[in-house]
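From a predicted model like this one, the values you see are computed outputs, not experimental measurements.
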Amino acid sequence: MPVKPISRRHMLRGVVGGASVALAIPALEAMTVGTARAAPLPPIFGVFYWANGLPWHAGHGAEQAGQPDYWTPASTGSGYAGTQLLAPIMPFQPTLVTGLTPHTDVPPSPPAAPGQEDGHMRGFMVALTGDRIRPEGFDHPSHTLTALRPSLDQYVAKHEQFYGAQPALYNSLVLGASTARFHNYGHWNDISYNGPDSLNATILDPQQLYNMLFTSAADPAALGRRASLLDAVKDDAKSLAGKLGSKDKQRLAAHLENLDSIQKRLQFIGAACAAPAAPGATDDQLAKTGIMAELLGVALACGMTRAFSFMLDSPASTHVYSNVGANNDMHSTCHAGSWQNVYDITNYHMQCLAEFLGKLEAHVDPNGDSLLDRSLVFGVSEYGEGFKHGVAEMPCLMLGGCNGHIKRGVHVRDPGGNYSKAHVTMLRAVGIDTPTFGFNGGETSEDFGDILA
């Protein structure tokens, strides 16, 4: 028999203890039956980060010459032919910009502390924040540094135009895979910045992520009851407001605003979010990436969040990739000039990225859109190459369709181009008004028009 379509805003309603309960439900096929295609769900923004750049070649500088460039496609525009290093992710129609470099100023030393041009730090900060390292407190010998502003994942997640009136349970999820560290402090542990000296701790354990996402939100009915109780409290508080003085009214209004935010989150996550099977433990980086991506995919599909970062390995990674024949840690492997090992590791990085993207693509909503269709995943590393810490030819991938706002499968070549042009492009794609982006010499109002749809 024909199925009568139901509204995408349909709520399950009932009464608990004399109070009405309205419980959100997930997207259903019945919401689109017999109707025109529904509007797409809101966009998702994420960062996928890998350490130590790319295998070096002449584009990185005279000292790095002598090796082939297996990253940069020979042609530009749409339908470009993929290269050897891009091969693992080509099924996902990657859009990329090549040739980019930092345009921020490097403070002269003296009076500033020397070493701020070091690619490990300068390249990372420009790629992830659009700004240089904070000069105050920088110390190159001990590799002590911090950012001047939030990283792009946090800039997007906390921007009023991203979530708007549809808050999520988590503004963002900060995830990773490798536990190896160059240093066990500060910048070398995490890539997600709130601002100076404020890093977000990376969740590296799949079980920890599973518990956070699915054990506290396993009873949607209970969440609905909590939301209805907030309604009762708010109604009582509103009646109380008429009996209060002006200062108390302001305090009460601020309290009600906070309750309203909590209620919205509870109702949003009240949509039944079926927990997947509990994850297993593994030391295999590819397998762990897949497990974390699967858990993230469920959280994204349920609306728990729309922003994330994933740190495959940490800055200046000392992860040992013995699985591809590199028996020394990656940071040392780069500085030893072991190009073939670095190539093999980077190829493995791209296999991990492909595994990650595949998990997002596997989640499809009733419109036929996958999470990857909704997403803009920013693929980035800390500099161009690790042999000499070169910041020329820094990698920049834009993966997914961002609800049709990003053209997929496009190569733009911009030798010496300002990295923040990519930031402007991505921010505009996710719906954030961006007159300019970039700081301290890296400011730009330009975007890559060949990429924006």
Side-chain angles (χ1 to χ4, degrees), residues 43-53 88-89 92 94 124 127-129 150-157 168 170-181 187-194 199-210 212-213 276 279 282-301 304-317 319 321 330 345-346 348-363 370-372 374-382 395-400 402 426 430:
I44 294 163
F45 180 77
V47 172
F48 186 99
Y49 171 91
W50 72 93
N52 292 321
I89 61 172
F92 304 100
F124 173 97
L128 270 295
T129 74
S151 52
L152 207 62
D153 61 313
Q154 295 306 308
Y155 180 86
V156 170
Y170 301 102
N171 270 352
S172 66
L173 292 175
V174 179
L175 313 176
S178 174
T179 59
R181 295 292 181 268
H187 166 81
W188 311 100
N189 282 304
D190 309 289
I191 64 166
S192 180
Y193 274 91
N194 301 304
L199 282 157
N200 295 304
T202 307
I203 298 173
L204 299 168
D205 179 8
Q207 188 64 53
Q208 179 188 354
L209 177 61
Y210 180 89
M212 185 181 80
L213 293 177
T282 179
D283 292 327
D284 181 89
Q285 196 174 30
L286 181 63
K288 188 174 181 181
T289 297
I291 292 169
M292 297 293 274
E294 177 59 31
L295 296 175
L296 171 65
V298 175
L300 292 169
M304 289 184 176
T305 190
R306 290 198 287 114
F308 66 87
S309 65
F310 186 82
M311 180 180 69
L312 183 64
D313 38 19
S314 60
S317 176
H319 191 100
Y321 286 92
M330 190 184 183
I345 294 169
T346 308
Y348 185 71
H349 282 162
M350 292 303 104
Q351 293 175 44
C352 291
L353 176 54
E355 177 73 10
F356 187 92
L357 298 173
K359 296 298 184 182
L360 299 188
E361 192 172 63
H363 288 269
S370 72
L371 288 177
L372 192 57
R374 290 174 54 197
S375 297
L376 172 48
V377 180
F378 174 31
V380 62
S381 191
E382 64 201 283
C396 177
L397 293 167
M398 300 181 199
L399 302 145
C402 195
M426 291 184 284
V430 298

Please find the pair of heavy atoms, one from [X] and one from [Y], that lie closest to each other, and give the distance.
{"X": "Gln207", "Y": "Pro279", "result": "OE1-O, 3.8 Å"}
{"X": "Pro206", "Y": "Ile291", "result": "CB-CG2, 3.7 Å"}
{"X": "Asn171", "Y": "Ala307", "result": "O-CB, 3.5 Å"}
{"X": "Asp205", "Y": "Met292", "result": "C-SD, 4.3 Å"}
{"X": "Ala127", "Y": "Phe378", "result": "O-CE2, 3.5 Å"}
{"X": "Leu360", "Y": "Ser370", "result": "O-CB, 4.1 Å"}

Over 60° means perpendicular and under 30° means parallel, so tell me whether Phe48 and Phe310 are parallel, tilted or perpendicular.
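Ring orientation of Phe48 relative to Phe310: parallel.
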Evaluate the ring planes of Phe124 and Tyr49, with Trp represented by its six-membered ring, and classify them as parallel (under 30°), tilted (30 to 60°) or perpendicular (over 60°).
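Because their plane-to-plane angle is over 60°, the rings of Phe124 and Tyr49 count as perpendicular.
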Applying side chain to side chain donor-acceptor pair (under 3.5 Å), run through Ser151 and Asp153 and close with a yes or a no.
CA-CA 6 Å; Ser151 52; Asp153 61 313; 2.5 Å; yes
If we count only N and O atoms by modelled type, under 3.5 Å, do the side chains of Gln285 and Ser178 hold a donor and an acceptor together?
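Gln285 vs Ser178: no donor-acceptor pair found between side chains.
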Quiz question: by atom type and distance under 3.5 Å, do the side chains of Ser192 and Asp190 form a donor-acceptor pair?
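No, no side-chain donor-acceptor contact under 3.5 Å.
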So do the side chains of Leu399 and Leu353 get within less than 4.5 Å of each other, counting heavy atoms only?
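With C-beta onward as the side chain, the pair touches.
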Going through the distances and angles, do Thr179 and Lys288 end up as a side chain to side chain contact (heavy atoms under 4.5 Å, CB included)?
CA-CA 11 Å; Thr179 59; Lys288 188 174 181 181; 4.3 Å; yes
Looking at Leu296, Val298, Leu300, Val377, which hits side-chain contact (heavy atoms from CB on, under 4.5 Å) with Leu371?
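Result for side-chain contact (heavy atoms from CB on, under 4.5 Å) with Leu371: Leu300.
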Hey, what do you get for CD1 (Ile203) to CD (Gln208), rounding to the nearest 0.5 Å?
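Atom-to-atom, Ile203:CD1 and Gln208:CD are 5.0 Å apart.
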How far apart are the C-alpha atoms of His349 and Asp313, what are their side-chain angles, what is the distance that settles it, and do they pass the side chain to side chain contact (heavy atoms under 4.5 Å, CB included) test?
CA-CA 9 Å; His349 282 162; Asp313 38 19; 2.9 Å; yes
For this output row, return yes or no: ring centroids of Phe308 and Phe356 closer than 6.0 angstrom.
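When the ring centroids of Phe308 and Phe356 are compared, they turn out to be within the sub-6.0 Å range.
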Where do Thr202 and Asn189 land on the side chain to side chain contact (heavy atoms under 4.5 Å, CB included) test, with the steps shown first?
CA-CA 8 Å; Thr202 307; Asn189 282 304; over 6 Å; no
